[in-house]
Asks: 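My questions will all concern the structure given below.
Note that this is a predicted model, so its numbers are computed, not measured. Each chain gets a letter, A, B and so on, in the order the sequences are listed, and its residues count up from 1.
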Protein chains: 2
Amino acid sequence: MDPHLLRTYVTVARLASFSAAARELGFTQSAVSQHIAALEHDLGMPLLSRRPVAPTRAGERLLEHAGSLLLRLEAARADLARMAGEPAEELTLAASPLAVRPDALAALPVSRATLRVLPREEIPVAVAKGSADLGLVDGLAAPSDPLRLPDVAPLTATGVAEEPVAVVLPDGHPLTRRPGLRLADLVDARWLDAPEAGLPLDQLRAATATARGFRPALRYEGTDIRTLIGLAAAGHGLTLLPLAPARAYGTVAVPLTEPRLVHRTELLHTGVLRGPAEELARRLQSGP
Amino acid sequence: MDPHLLRTYVTVARLASFSAAARELGFTQSAVSQHIAALEHDLGMPLLSRRPVAPTRAGERLLEHAGSLLLRLEAARADLARMAGEPAEELTLAASPLAVRPDALAALPVSRATLRVLPREEIPVAVAKGSADLGLVDGLAAPSDPLRLPDVAPLTATGVAEEPVAVVLPDGHPLTRRPGLRLADLVDARWLDAPEAGLPLDQLRAATATARGFRPALRYEGTDIRTLIGLAAAGHGLTLLPLAPARAYGTVAVPLTEPRLVHRTELLHTGVLRGPAEELARRLQSGP
DNA sequence: TCTTCTTACGCTCGGCGTAAGTATC
DNA sequence: GATACTTACGCCGAGCGTAAGAAGA
């Protein structure tokens with residue numbers, strides 16, 4: 001279970017070829033063969049079927065383990081490396097689309113900073129790997145509950161903002177008049193499926209015992225919120241957004257009152273913060 | 001960052017001695033010295049201060065990473081090993097104290113089974129490492145929300161039971177008459193601190209923005225629920241328990257209505273279930 | 001027959017133990 | 001000076017590449 005062997009294993013599995021993996025890793029194909037043989041011998045079972053090269057059942061399972069193992073290994077190295085060098089002049093902030101609020105933008109230093117917008121799940125990974133110094137993630141949670149983040153490495157999360165969530169309705173929709181909406185009112189509605197730009201609807205599923213999942217309508221794969229709101233306003237389906245951006249373009253959005261959920265933003269970082277990263281973190285936390 | 005080196009490192013750090021670690025690991029003390037030197041060279045920084053042997057700041061951080069890393073490595077091996085051998089006759093069920101309900105006990109096979117009661121946090125670890133085939137964990141959650149479990153390895157969790165939670169009150173307590181209690185009514189109360197037997201109060205803290213933590217009273221370190229109830233009935237402090245056990249001994253317990261939380265029990269297992277484990281899992285899931 | 005993985009074999013280097021060295025209590 | 005970690009050095013084995021072998025398309 002040497003990480004080197006695991007690394008070759010996942011590469012072989014991904015490329016479905018010993019020789020291609022060898023090229024990518026800079027080994028001879030013989031070495032790759034020996035790696036796999038060693039791993040299979042160590043675990044006492046075949047991991048790959050040959051011709052065509054495909055993981056066995058056990059191999060599939062190993063891939064799940066290996067992924068997070070190698071990620072954590074990389075995270076540990078990156079974390080320690082950050083402690084060694086000097087405070088680092090340049091700064092990278094990774095944020096999910098809805099986590100970027102005006103006050104966060106105001107806190108950014110004018111130069112030597114990069115703002116990288118990524119899908120929600122990739123934020124913790126980016127911070128863990130060290131490809132970002134700080135992360136801003138958003139999500140749905142009960143008021144003052146922490147977000148459910150995949151713990152990909154020992155990261156520290158601190159809440160920086162909470163605000164109500166609202167359902168964006170097309171102009172003239174019958175529910176427009178209401179001051180607040182319950183999710184139960186909307187079980188028959190069609191929802192926009194926007195995994196990158198919108199809020200994760202699957203977190204709502206648990207809350208609504210009545211609804212057996214959400215009926216998806218159009219799917220939007222971009223990260224632009226304005227487009228998402230446009231789609232909702234055009235009647236392609238409902239979408240859930242934090243109240244402020246939901247109403248930013250003059251669209252009609254009604255707060256969601258039941259279940260009681262808030263849009264929460266958390267700041268993610270590793271153990272020690274120094275230099276510009278520390279400065280930015282302080283400003284983001286005291287910001288709103 | 002070879003796992004062998006990490007293992008040596010955590011051992012040295014734990015024992016605060018190179019030579020003691022060498023004895024425990026079956027190496028010469030010279031080899032241990034070389035391991036640490038190799039690790040420090042690889043990461044480019046000192047990890048341990050010598051005389052006395054103690055982790056540096058970076059070393060402390062590495063310990064956090066190394067712990068979960070080695071655990072996951074062990075979990076991966078155990079998981080794969082379980083897929084290889086035959087379905088295994090003996091069966092071990094690890095459960096937290098409050099997860100063991102009468103219906104779970106009824107589902108247990110009469111022989112060749114072990115029921116191991118452990119503190120809540122150790123259940124996922126036991127299942128991951130393979131020292132238990134199945135796990136039953138309990139905790140507090142919003143209705144039909146999954147529990148927040150530390151993801152120590154790719155485990156599958158399925159809900160098996162949910163029931164109301166109640167506050168155990170001493171006889172004659174002023175709040176006894178009420179049909180239901182809100183946590184806000186109880187912020188001034190003293191709570192029993194029973195991390196192993198009781199429910200995790202820290203999960204409540206987030207829910208009560210008003211209360212700045214709970215005022216702890218007596219601390220109980222055992223796992224026996226009857227004792228815990230006895231302490232509460234004797235007026236040593238309040239305690240939170242699932243409704244049924246809370247009232248099992250004729251004690252006064254009032255359901256908690258706000259925040260809306262349930263006592264949830266989940267079944268934990270790894271990817272594939274075979275033999276008696278599969279049988280038991282099915283019975284536990286359909287049980288209540 | 002060509003491609004692709006496996007096996008044989010030799011070489012090199014990593015890693016362990018023995019033993020000598022060094023620093024701290 | 002005793003204890004505990006480090007360094008020197010030699011030996012063995014792990015792991016890589018070259019090259020030959022086997023098996024499927």
Asks: Any donor-acceptor pair under 3.5 Å joining the side chain of R51(A) to the base of dA25(D)?
Replies: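 Result: no qualifying N/O pair found.
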Asks: Hey, are E122(A) and K129(A) close enough for a salt bridge, meaning a charged N less than 4.0 Å from a carboxylate O?
Replies: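 Between K129(A) and E122(A) there is no salt bridge, as every charged N stays at least 4.0 Å from the carboxylate O atoms.
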Asks: For the pair E74(A) and R77(A), find out whether any cationic side-chain nitrogen is under 4.0 Å from an anionic carboxylate oxygen.
Replies: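 Salt bridge flag = no for R77(A) with E74(A).
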Asks: For DNA chain D, whose closest nucleotide is more 5', that of Q29(B) or that of P52(A)?
Replies: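 Counting from the 5' end, the first nearest nucleotide belongs to Q29(B).
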Asks: With a 4.0 Å heavy-atom cut-off, tell me which residues in residues 4-18 of chain A come close to DNA chain D, sorted by residue number.
Replies: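 Result for residues 4-18 of chain A: none.
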Asks: Which nucleotide wins on minimum distance to the side chain of S19(B), given the candidates dA4(D), dG17(C), dG17(D)?
Replies: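 Shortest atom-to-atom distance from the side chain points to dA4(D).
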Asks: Could you go through L155(A) and V127(A), starting from their C-alpha distance and side-chain angles, then the distance that decides it, and tell me whether this counts as side chain to side chain contact (heavy atoms under 4.5 Å, CB included)?
Replies: CA-CA 8 Å; L155(A) 296 179; V127(A) 177; 4.0 Å; yes
Asks: Give the rounded distance in Å between these two atoms: CZ of F27(B) and P of dC5(D).
Replies: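 Taking CZ of F27(B) and P of dC5(D), I get 16 Å after rounding.
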Asks: Among L149(A), V160(A), L136(A), find the one that has a side-chain contact (heavy atoms from CB on, under 4.5 Å) with E266(A).
Replies: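 Testing each of L149(A), V160(A), L136(A) against E266(A), the sole residue satisfying side-chain contact (heavy atoms from CB on, under 4.5 Å) is L149(A).
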Asks: Before accepting this row, confirm whether a basic side-chain N of the pair R57(B)/E60(B) lies closer than 4.0 Å to the acidic partner's carboxylate O.
Replies: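 Here R57(B) does not pair with E60(B) in a salt bridge, since their nearest N and O are not under 4.0 Å apart.
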Asks: Identify, residue by residue, the members of residues 30-49 of chain A with a heavy atom below 4.0 Å from DNA chain D, and return them in order of residue number, or none.
Replies: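 S30(A), A31(A), Q34(A), H35(A), in order of number.
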Asks: So which heavy atom on A94(B) is nearest to which on L118(B), and how close?
Replies: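 Heavy atoms of A94(B) and L118(B) come nearest at CB-CD1, 4.2 Å.
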Asks: Answer yes or no: is there a side-chain heavy-atom contact under 4.5 Å between L73(B) and L69(A)?
Replies: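 In short, these two side chains touch, coming nearer than 4.5 Å.
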Asks: Please examine the side chains of S96(A) and V137(A), heavy atoms only from C-beta on, and report whether any two atoms are closer than 4.5 Å.
Replies: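 Side-chain contact under 4.5 Å: yes.
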